[in-house]
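For ligands, and for the atoms within them, numbers begin at 1 and follow the listed sequence.
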Amino acid sequence: MQPDEIARIHEEALAEAREADSADALEAVRLKYLSRKGLVQDIMASLKTAAPADRPAIGQAANRLRAELLDAVNRRREKLAEAAETSGPAFDITLPGRWPGLGSIHPVSGMIAQCADIFRSMGFTVADGPDIETAFHNFDALNHPPGHPARDPRDTFYLEDGTLLRTHTSPVQVRYMQAHPPPVRIIAPGRTYRRDTPDATHSSNFHQIEGLYVADRVSLADLKGDLTYFASQLLGARVQVRFRPHFFPFTEPSVEVDFSCHVCGGQGCRVCKQSGWIEIGGAGMVDPNVYTAVGYDPEAVTGYAFGLGVERMAMIFHGIPDIRLLYENDVRFLAQF
Ligand code: DAH
């Protein structure tokens, strides 16, 4: 075979490999040139009849052709495979869309928003404070004596630098009074942390809504009236509010606050453990020692404070039997709200 003919075959072979538009077409090109009965083999066979002086050139040309063509075929194969991956079937724009589902507000966030709306309508503003607190704001200024059991590391999460994860939202009272002269009327919703073993009614991370109203003539009757009004806005006019005497270091007197059971209307059921009442939080008249700690004159002001459990309220409002449901993020549960 003449060198110019080999050169022509070489050109054609590379062009065919480059232009093959499917894996099958490419394979046909490969067989046409490189198989045992292919054209490269024909060139080699022609060596026998070629003039001895021409043989080295013909052999070299055939080898070059084989190598370059193999390379071209491999590269074309990769190109075709890549294209097959990225081009699916044509998109049918007449198909109906796929419904991705609509998110919903988490019942804890929803309860905070609902309560904040009610308290705002009563003249409260919304304040907040940090989750990581100093022992001063969380305990000392709130009249906890040095050995108070709530300070125990078995109950409170301490950080290495001596700060802690706030065990209640009450430190926001301290921060707010330090920064604002009386009168103050605030709520402070937020996360709180305690080393509790989780069960149906306990979680180591839960939420409270702190309330604080300090002016010149605030009484326990204001506290009861305001919380009763709040409860009626949240749960309906029939709900009743009950105070039970209690002790908190930062209030005097102190009470625990119960709402009549929303689920059974006070008759007694599983949710209220047959008592007809559900404990919602604590409250009381701000202790004079707290005023002193924040720089208020205890002779000049009086005020009430309360701390309500958000999960408690969400559970009775929605009839949720186990607090852990609120933190498992099971979409089948959350989609109901
Ligand atoms: N901080 C208390 C607790 O977590 C709740 C509480 C009680 C808050 C009485 C108050 C209050 O503001 O006056 O158990």
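With a 4.0 Å cut-off on non-hydrogen atoms, Ala283 touches ligand 1 through its backbone and not its side chain.
Near Gln173, meaning under 4.0 Å from one of its heavy atoms, ligand 1 places the atoms 12 (O). Per-residue contacts place Gln208 under 4.0 angstrom from the following atoms of ligand 1 (heavy atoms of the residue considered): 3 (C), 4 (O).
The six-membered or imidazole ring of Phe119 lies near that of Phe306, with a centre-to-centre distance under 6.0 Å. Residues His10 and Tyr33 place their aromatic rings such that the two centres sit no closer than 6.0 Å. For Tyr193 and Phe157, the ring centers are positioned 6.0 Å apart or more.
Protein heavy atom nearest atom 8 (C) of ligand 1, with residue, atom name and distance: Gly307 N, 3.3 Å. The single protein non-hydrogen atom nearest to atom 12 (O) of ligand 1 is Glu210 OE2, 2.6 Å, given as residue, atom name and distance. Of the protein's non-hydrogen atoms, Arg194 NH2, 3.6 Å is the one closest to atom 3 (C) of ligand 1.
The backbone N or O of Pro145 sits less than 3.5 Å from a side-chain atom of Arg151, completing a donor-acceptor pair.
Distances from ligand 1 to the non-hydrogen atoms of Ser170 include at least one value under 4.0 Å.
Between Ala305 and Gln173, the closest heavy-atom pair is CB-NE2, 3.4 Å.
Evaluated by nearest non-hydrogen atom to atom 11 (C) of ligand 1, the leading choice among Phe250, Tyr304, Phe248 is Phe250.
Between the side chains of His318 and Gln336, not a single donor N or O lies within less than 3.5 Å of an accepting N or O.
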